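Predicted model, so just to flag it, every value in this text is computed and none were measured.
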Amino acid sequence: MALHVADQKSLPELTLRGLILGALITVVFTASNVYLGLKVGLTFSSSIPAAVISMAILRFVKGSNILENNMVQTQASAAGTLSSIIFILPALVMIGHWQGFPFWQTAGVCAIGGILGVMYTIPLRRAMVVQTDLPYPEGVAAAEILRVGSPDENAAPPQPVAGDRAEPGLRDIVIGGIVAGAVNLSAGSGLQLIADEASWWFALGGSVFRVATGFSLALLGAGYLCGIVVGIAMLIGVAIAWGIAVPILTQMTPMPADATMTAYASGIWAHQVRFIGAGTIAVAAIWTLVILLRPVIEGVRSAIVAMRDVRAGRGDTIPRTERDIPIHWVAGISLALTIPMAAIFAYFIDATGMPLGTGMFWGLVAYGVLFAFLFGFLIAAACGYMAGLVGSSNSPISGIGIIGVTFVSLLLLVILGGETGVLSTEAGSKMAVAIAIFITSVILATACIANDNLQDLKTGWLVGATPWRQQVALIVGVIVGALVIPPILDLLYNAYGFAGALPRADMMADQALSAPQATLMAAIAQGIFTHQLNWTMVLIGIATGVALILVDDVLRRRGGTARLPVLAVGIGIYLPPAVTVTVAIGGVLGWLTDRALRRHAVAKGVDFKVLAERPQRRGVLLASGLIVGESLMGVVIAGIIGATGNQTPLALVGPGFASTGEWLGLGMFVVACYGFYRYVLAGERG
């Protein structure tokens, strides 16, 4: 029988040792997600690896239990998810408004938006977690991991069985981390013995084509976690960008005499084709909100009815596993957060240096607070439902950011008077862009935490946790994450720089972190205020998104596993092909391992789910280890770069080794894929 701690049983949950361990794990996974997100525009769910690490450590401590482990993973997961703020906040550096990341402003945005995300999801827990059939894939998986590594707390006393020792899987994470860390040390800004990617360019008539792949093991792991459906959708996006759009546009536009083929085609993709991807991503996010509007409204209504029972004095009769933070506390905390939110908006607007009148100044502050407060709730409800439907990792958080920055910018355009008001000057336009990005940052922090919280609460519901304690752990995780993110952002920016924003003239542009979503959101805001947004490409992207939605609906009606996630296609168009192809390879690798396991199950005459449970869990943990290992090594190298002031302090070879490095990188990548495949299948034997 599945482990679920009974309502009548009270176990230590929010413990000091658990909070300290959760904070330490938070630093690791927040740093990993910030680096990965800035490098390739992807983040990963830290719930499962955090649960594994917690169990591996706390099982040596007397009195540890499944609920305490659940609190640790809840705290670490919230902080790791908050790192999605890097999808927008670096845009303030890219537009030149910030020269780094001011600690208290950055931490304030993260903390205020994150705590609002926790508060907004509390009324939704009963309707969206308990009274629902939403799958919550990551929440269910984390619960299963906790059950595997924990004794049955309902048994008295637990009886050990020979050969039935719990195996939480820390070894799998460590192996993946060591391998990926060693590979990353050998590449990029490390030893430079192997290349990060390989590209092949060729021209057919006047059209330019590109085929590329990366060698990042973190991306391989991310693709494995995303799956084959998302991987194929990303490949379709690459085909649209580099097999259709770039060739057509390079055919239509003469190449300058002083330009190289690669620079010419890359410029076409960066300045035109990526906006097709932006339009597609925006359509995918809006469509998701539309189809979820009715169930979200019903969920909120059901939650309010349930809370009325609590306010009527029947709270003592509510089981332990149904007790949330009281609704009046939720409302009070949410309203109280408007005060620091107004203060931080006022400080930010004042720091722009624009001579605004008193009325305009406080009007902008009020607009920022109201928009972030009200729109943030709508987004939180939608994101919570999306997390339950497709999982936190697959939810369109970046698409939500695109919608947010567009709406904020369009409304600011009206408030500031267009070309006849504040925006009539270049300084006024820059100020408006900065304000739009800053307001959207709060909304995005709210959205990403709401996206993660219900997933964690689902895990808690399955193992018998106390909701209000878990909600407190979520708040603690947000606060710790908010304190960790600013120095990590500063470290990475000063070590690598961002695409188009290098802090020093002697830095290597090809090693800069791309921060793709932040680049896009800055471009959208600037385009709206300067009336130079490439609407033609955006509209093509919107039309493409609508067509893809129709195709996906046909596939849905036919049944089966074949689907076409529109958001993934848009990401495939928008991100560099070396990123998306590598993610797709990871998805294919996962499909191949599952296919082999199905053959083995048929040959042995056993149920596939039973046979595949252990190897699939091993694959998830190994993939998580690959992500963590590469990301942490990137942060370590960033620290070395910052300390030495040298962009390549560990390099053993020079630029002439580049061609050999590509072949070595390809060979390493092939060996890593095969090793991953064999290691996962070996888990079948225990």
Side-chain angles (χ1 to χ4, degrees), residues 2-3 44-45 47-49 51-52 55 135-149 163-177 179-180 217-235 390-391 393-394 462 555 559-563 565 568 581-628 669-686:
L3 175 60
F44 69 102
S45 175
S47 294
I48 292 175
V52 169
M55 289 186 298
Y136 285 99
E138 289 153 349
V140 172
E144 290 303 315
I145 294 295
L146 287 168
R147 286 165 173 165
V148 168
D164 194 30
R165 181 175 56 87
E167 296 181 6
L170 179 62
R171 178 172 177 266
D172 302 324
I173 293 181
V174 171
I175 289 175
V179 171
L217 297 189
L219 290 181
L220 183 73
Y224 181 89
L225 296 176
C226 289
I228 185 66
V229 173
V230 171
I232 290 176
M234 285 187 169
L235 283 180
V390 299
S393 299
N394 294 326
L462 291 173
L555 293 174
T561 58
R563 295 297 299 273
V581 170
T582 313
V583 173
I585 292 172
V588 172
L589 187 60
W591 175 76
L592 289 174
T593 56
D594 279 355
R595 187 180 178 190
L597 290 170
R598 289 185 184 277
R599 289 199 307 268
H600 296 173
V602 171
K604 295 180 179 180
V606 299
D607 182 69
F608 167 72
K609 290 184 178 180
V610 173
L611 180 136
E613 180 182 1
R614 186 185 295 270
Q616 285 180 337
R617 184 168 65 247
R618 172 178 277 198
V620 168
L621 297 176
L622 183 63
S624 300
L626 293 179
I627 295 171
V628 172
F669 190 69
V670 171
V671 170
C673 289
Y674 180 74
F676 190 110
Y677 176 83
R678 299 304 306 175
Y679 188 82
V680 172
L681 293 184
E684 179 187 338
R685 298 188 294 272

Indicate yes or no: at least one non-hydrogen side-chain atom of Thr593 is less than 4.5 angstrom from one of Pro615.
no
Shortest non-hydrogen contact from Ala584 to Leu235?
CB-CG, 3.5 Å
Hey, is Glu613 close enough to Lys609 for a salt bridge, meaning N to O under 4.0 Å?
no
Could you walk me through whether Asp172 and Tyr679 satisfy the side-chain contact (heavy atoms from CB on, under 4.5 Å) test, starting with their C-alpha distance in whole Å, then the side-chain angles of each, then the deciding distance to 0.1 Å, before giving a yes or no?
CA-CA 9 Å; Asp172 302 324; Tyr679 188 82; 2.6 Å; yes
Considering all heavy atoms of both residues, which atom of Tyr224 and which atom of Val620 are nearest to each other, and what is their separation?
CE2-N, 3.8 Å
To the nearest 0.5 Å, tell me how far Leu611 CG sits from Lys604 NZ.
5.5 Å
Would you please test Leu622 and Ile173 for side-chain contact (heavy atoms from CB on, under 4.5 Å) and show each step?
CA-CA 5 Å; Leu622 183 63; Ile173 293 181; over 6 Å; no
If every non-hydrogen atom of Val583 is compared with every non-hydrogen atom of Met234, which pair is closest and at what distance?
CG1-SD, 3.6 Å
Shortest non-hydrogen contact between Ala180 and Leu626, atoms and distance
CB-O, 3.2 Å
As an exercise, state the distance from CZ of Phe669 to CG of Leu219, rounded to the nearest 0.5 Å.
8.0 Å
Nearest heavy-atom pair of Ile585 and Leu220: which atoms, and what distance?
CG2-CD1, 4.0 Å
Please report the shortest heavy-atom distance between Val680 and Arg618, naming the atom on each side.
CA-CD, 4.1 Å
Using side-chain heavy atoms (C-beta onward) and a distance below 4.5 Å, is Asp594 in contact with Gln616?
yes
Got a sec: does the CZ of Phe608 have more than 12 other heavy atoms crowding it under 6.0 Å?
yes
Should Leu681 and Tyr677 count as side-chain neighbours, where that means a heavy-atom distance under 4.5 Å?
yes
